[in-house]
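Okay, structure first, notes after.
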Amino acid sequence: MIWIVMIIAGLLNFASRFVMLSGLAPAKLPEKLEEALHFVPIAVLSAIIVPSVLPGDTGSVVFADNPRLPAAIMAVVVALITRSVIFTIAAGLATLWLLKWLVY
Amino acid sequence: MWVSYQAFLLYPAYNSQNDRHLDGTSVMQSPPNTTYPSKAREFWQGVRDETPLMLAVIPFGLVFGALGLAAGLAPLEVILLSSIVFGGASQVIFAQLWSLGTPAFVVAGSVATINLRHVLYSASISRYVRHLPLGWRVLLGYLLTDEAYAISINRFQNGPPSPHSHYHLLGTGLTLWVCWQAATIIGVIASNNIPESWSLGFAIPLTFIAIVAPAIKNRADIAACLTASMIAILGQGMPWKTWIVAAAIGGILAGWLVHRAKARSA
């Protein structure tokens, strides 16, 4: 099952990169579509970030007593300053480990 | 390197015979000053231009190898994700959603949605590669990642027009591909026994934070981010984890509406 989903995801991924090179699509995208596409990464990734920073049991979110929240805030700060994926991951994980060790 | 750019514009017609030379350095004697970089030179320039980015890509690949295992995927699944899906954010989403027991159609749909941005890349390079044979376009499409695009679009737009310019994209794309595969494999091997208490899975949302935070530049972006976040929180009870899709659509719509409203009032 996982292999089928993986291959479908791979094909969809390839399709999004190939579609405008295929010769089948119009040379230029409609302006409204192009504008909307700009918001795709922000919307999808925000939707995934929030529940995984505030994970509760089965379908709830937790703000209190949650070391992931300050760790994520630290990561946002580091991401804005460095724009580096690796530094952001390092800062977030380091903060999480530190808080778990010190507080929780 | 590309000093002949201006000269090329003066002599736009080049001898198509020269296309067949593997090494273009010694061809193009007539008219003078119309040389363009050879295929090999374009390729290696692409490799060189892409190399600095490997400082970020290789550690990310290592981390992906580790977090894929942390998310509960088998080693072979993690390794092959890197070549079948071949996209950092999509692979991380795949691992995250799969580990949550998300239904297949939501996983595939989410991966596809996050990659819609590649349609924009595809559109912006199409004028430089659409004359190529199908095999070339399939290969370049497969290799068209954020990092390869970012470097090669600069060469396409600001370098001299050349019938060999697609070799630059081949160079940047292959450099990324090779490093990404190698880093994933090493990450999987090296992290096989990392204990759960290290919370390596938390690297997944951290990866996304690194992508999203710098991308938020104006009110429309903020609207997209906040709307998607709110729907994601409030929609946690929705069946089949469809809150992901609902939040994505809501966020895109909110961002776009604010963008439109701003454009109209301006």
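Letters go in sequence order (proteins before strands), and every chain restarts at 1.
Of the atoms belonging to B/S90, it is side-chain heavy atoms, and not backbone ones, that fall under 4.5 Å from chain A. Residue B/R137 touches chain A through both its backbone and its side chain, counting heavy-atom pairs closer than 4.5 Å. For B/Y142, the parts sitting under 4.5 Å from any heavy atom of chain A are the backbone and the side chain alike. With a 4.5 Å cut-off on non-hydrogen atoms, B/I58 does not touch chain A at all. Heavy-atom distances place the side chain of A/L96, and not its backbone, under 4.5 Å from chain B. With a threshold of 4.5 angstrom between heavy atoms, A/I86 approaches chain B through side-chain atoms but not through N, CA, C or O. In this structure, chain A has no heavy atom under 4.5 Å from any part of B/I231. Residue B/Q91 does not touch chain A at all, counting heavy-atom pairs closer than 4.5 Å. With a 4.5 angstrom heavy-atom cutoff, A/S22 touches chain B only via backbone atoms. With a 4.5 angstrom heavy-atom cutoff, B/F86 touches chain A via backbone and side-chain atoms both.
When B/L73, B/L253, B/T113, B/I244 are compared by the number of non-hydrogen pairs under 4.5 Å with chain A, B/T113 comes out ahead. Options B/A220, B/A247, B/G235 differ in how many heavy-atom pairs under 4.5 Å they form with chain A, and the most are formed by B/A220. Residue with the most contacts toward chain A among B/P205, B/S110, B/G251: B/P205 (heavy-atom pairs, distance under 4.5 Å). Considering only heavy-atom pairs separated by less than 4.5 Å from chain B, the leading option among A/A75, A/A91, A/A43 is A/A43. Comparing A/T82, A/V19, A/I48 by heavy-atom pairs within less than 4.5 Å of chain B, the highest count is held by A/I48. Between chain B and the residues A/M1, A/R83, A/H38, the largest count of heavy-atom pairs under 4.5 Å involves A/R83. Your options are B/L234, B/L80, B/V138, B/V92, and the one with the most heavy-atom pairs under 4.5 Å with chain A is B/V138. Contacts with chain B were tallied for A/I49, A/V44, A/T88; A/I49 has the most, counting heavy-atom pairs under 4.5 Å. Of the listed residues (B/I93, B/L134, B/L226, B/L100), the one with the most heavy-atom contacts under 4.5 Å to chain A is B/I93. Highest contact tally toward chain B, considering only A/I8, A/I81, A/L93, A/V78, is held by A/L93 [criterion: heavy-atom pairs under 4.5 Å]. Heavy-atom pairs under 4.5 Å with chain A peak, among B/A104, B/A112, B/C225, at B/C225.
A donor-acceptor distance shorter than 3.5 angstrom exists from the side chain of B/S122 to the backbone of A/R17, with no hydrogens or angles considered. Put simply, the side chain of A/N13 gets close to the backbone of B/V85: a donor and an acceptor are under 3.5 Å apart. Although no hydrogens or angles enter the test, the distance criterion places no donor-acceptor pair under 3.5 Å between the side chain of A/S46 and the main chain of B/S229.
Distance check, rounded to the nearest 0.5 Å: CG of B/D221 to CD1 of A/I42 gives 3.5 Å. Here the straight-line distance linking atom CZ of A/F39 with atom CD1 of B/I249 works out to 15.5 Å at 0.5 Å rounding. With values rounded to the nearest 0.5 angstrom, B/L206 atom CG is found 9.0 Å from A/R68 atom CZ.
For the pair A/P41/B/V212, no side-chain contact is recorded, criterion being any heavy-atom separation below 4.5 Å from C-beta on. Taking 4.5 Å as the limit, every side-chain heavy atom of B/V111 sits out of range of all side-chain heavy atoms of A/L12. Taking the side chain as every heavy atom from C-beta outward, B/R130 and A/L21 never approach each other to under 4.5 Å. When side chains are defined from C-beta on, B/L76 counts as touching A/W3, because their heavy atoms get closer than 4.5 Å.
With sequence neighbours excluded, no residue satisfies ring-ring contact (aromatic ring centres under 6.0 Å, His included) with B/F202. With sequence neighbours left out, A/L37 forms a side chain to side chain contact (heavy atoms under 4.5 Å, CB included) with A/L29, A/L33, A/V40, B/L116, B/V119, B/L120.
Nearest heavy-atom pair, A/S16 versus B/N115, reported as atom, atom and distance to 0.1 Å: OG-O, 3.2 Å. Scanning all heavy atoms of the two residues, the minimum distance from B/W256 to A/A36 falls at CD1-N, 3.7 Å.
Taking a 6.0 Å sphere around CZ of A/F87, one finds it holds 12 or fewer heavy atoms contributed by other residues, nucleotides or ligands. Within 6.0 Å of CZ in B/R127 there are 12 or fewer heavy atoms belonging to other residues, nucleotides or ligands. Other residues, nucleotides and ligands place no more than 12 heavy atoms under 6.0 Å from the CE atom of A/M74.
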